[in-house]
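See structure below.
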Amino acid sequence: MGRSPCCEKAHTNKGAWTKEEDQRLIAYIKAHGEGCWRSLPKAAGLLRCGKSCRLRWINYLRPDLKRGNFTEEEDELIIKLHELLGNKWSLIAGRLPGRTDNEIKNYWNTHIKRKLLARGMDPHTHRPLNAIAGAAISPAQPSPPAATAATTSRPAPPRRRHRRDGTSASTSTSPSAWRPTSRATTRR
DNA sequence: AACCTCATCAACCGCAAGGGA
DNA sequence: ATCCCTTGCGGTTGATGAGGT
């Protein structure tokens, strides 16, 4: 499989999107629809690579995004789907209208993992941790992730937490309302 | 009040798959 | 059948800021 550079790195912006960039992207997609990400940035007058545009659109700008707290039902559905599908975030997202794979993946890693650990369940196998710990002793079981998870990633609810706003950051904002990605950073 | 710790999440990277030439 | 290009996905990173000390 040939791999080609996704973009001319020298002439593209990275990091947080500006309001103007968002608006350009939205306007372009409204006018021309999604697709052809490779050529989109140029056509839309964006100094971004297509990959970045796609990600921004899918994860943040799409008008049908739900954005907001995951409900208890969604939590359980995610857990169930994860048990069935594993880390197939895009497939899981497909069953949760208005949610993106990135959002679900983040949510899994920050909330649900811990939730399962608190229940004494291994987030990878969805089996009771003690069962796995027992199995770990047997040579057949090659160091189960759970064991590490239980020890390295702090188990159950540590000392804090409460979402920035208690309602999930983006929550408050409507998808269309530009939220200053105040991480005004240039990464890497 | 100042400093420290760490949860959160937007955005990046690399790889794989799919499809057209 | 093979090559090349584009898109999509999963994993990871790191700035930010809330909450703890």
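Quick note: numbers below take in every heavy atom, side chains included, and nothing from hydrogens, waters or symmetry partners. Each chain gets a letter, A, B and so on, in the order the sequences are listed, and its residues count up from 1.
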Using OP1 and OP2 only, check whether a side-chain N or O of [X] sits under 4.0 Å from [N].
X	N	value
A:S90	C:dG8	no
A:W89	C:dG11	yes
A:R48	B:dA11	no

Side-chain donor or acceptor of A:N59 under 3.5 Å from a matching atom on the base of B:dA11?
->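 Checked by distance alone, the answer is no.
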Do the side chain of A:K88 and the base of C:dG10 come within less than 3.5 angstrom through a donor-acceptor pair of N or O atoms?
->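 Such a pair does not exist between side chain and base.
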Counting side-chain heavy atoms from C-beta on, which of [options] comes nearest to [X]?
X	options	answer
A:N102	B:dT8, B:dA10, C:dG8	B:dA10
A:R114	B:dT8, C:dG11, B:dC13	B:dT8
A:C36	B:dC12, C:dT7, B:dT8	C:dT7
A:Y60	C:dG8, B:dA10, B:dT8	B:dA10
A:R56	B:dA10, C:dC9, C:dT7	B:dA10
A:N109	C:dT12, B:dA11, C:dC9	C:dT12
A:W17	B:dC13, C:dG10, B:dA11	B:dA11
A:L55	B:dC12, C:dG10, B:dA10	B:dC12
A:R38	C:dG10, C:dT7, B:dA11	C:dT7
A:H111	C:dC9, B:dC12, B:dT8	B:dT8

Under the side chain to side chain donor-acceptor pair (under 3.5 Å) rule, collect the residues that match up with A:N59, sequence neighbours excluded.
->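 Listed in chain order: A:T100.
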Can you list the residues that meet the side chain to side chain donor-acceptor pair (under 3.5 Å) rule with A:R99, with sequence neighbours excluded?
->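 If we apply the side chain to side chain donor-acceptor pair (under 3.5 Å) test to A:R99, skipping adjacent residues, the hits are A:E74, A:E103.
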At under 4.0 Å between heavy atoms, what does A:N87 touch on the DNA or RNA strands: base, sugar-phosphate, or nothing?
->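 Contact class for A:N87: sugar-phosphate only.
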Could you pull out all donor-acceptor pairs under 3.5 Å where a side-chain atom in residues 81-98 of chain A meets a protein atom, sequence neighbours excluded?
from	atom 1	to	atom 2	distance (Å)
A:H82	ND1	A:H126	NE2	2.7
A:H82	NE2	A:N87	OD1	2.7

Could you list by number each residue of residues 71-82 of chain A showing a heavy-atom separation from DNA chain C of less than 4.0 Å, or answer none if no residue does?
->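 Residues of residues 71-82 of chain A under 4.0 Å from DNA chain C: none.
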For A:E76, all residues meeting side-chain contact (heavy atoms from CB on, under 4.5 Å), sequence neighbours excluded =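 Applying side-chain contact (heavy atoms from CB on, under 4.5 Å) to A:E76 gives A:E72, A:I79, A:K115, A:R119.
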Would you say the side chain of A:I58 lies within less than 4.5 Å of the side chain of A:L65, judging by non-hydrogen atoms?
->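 Heavy-atom side-chain distance check fails, nothing below 4.5 Å.
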B:dT5 - base-pair partner by Watson-Crick or wobble geometry, distances under 3.5 Å =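 WC or wobble partner is C:dA18.
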Residues two or more places apart in sequence or in another chain: which of them pass ring pair (Phe, Tyr, Trp, His ring centres under 6.0 Å) with A:Y107?
->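 In terms of ring pair (Phe, Tyr, Trp, His ring centres under 6.0 Å), with neighbours along the sequence ignored, A:Y107 is linked to A:F70, A:H111.
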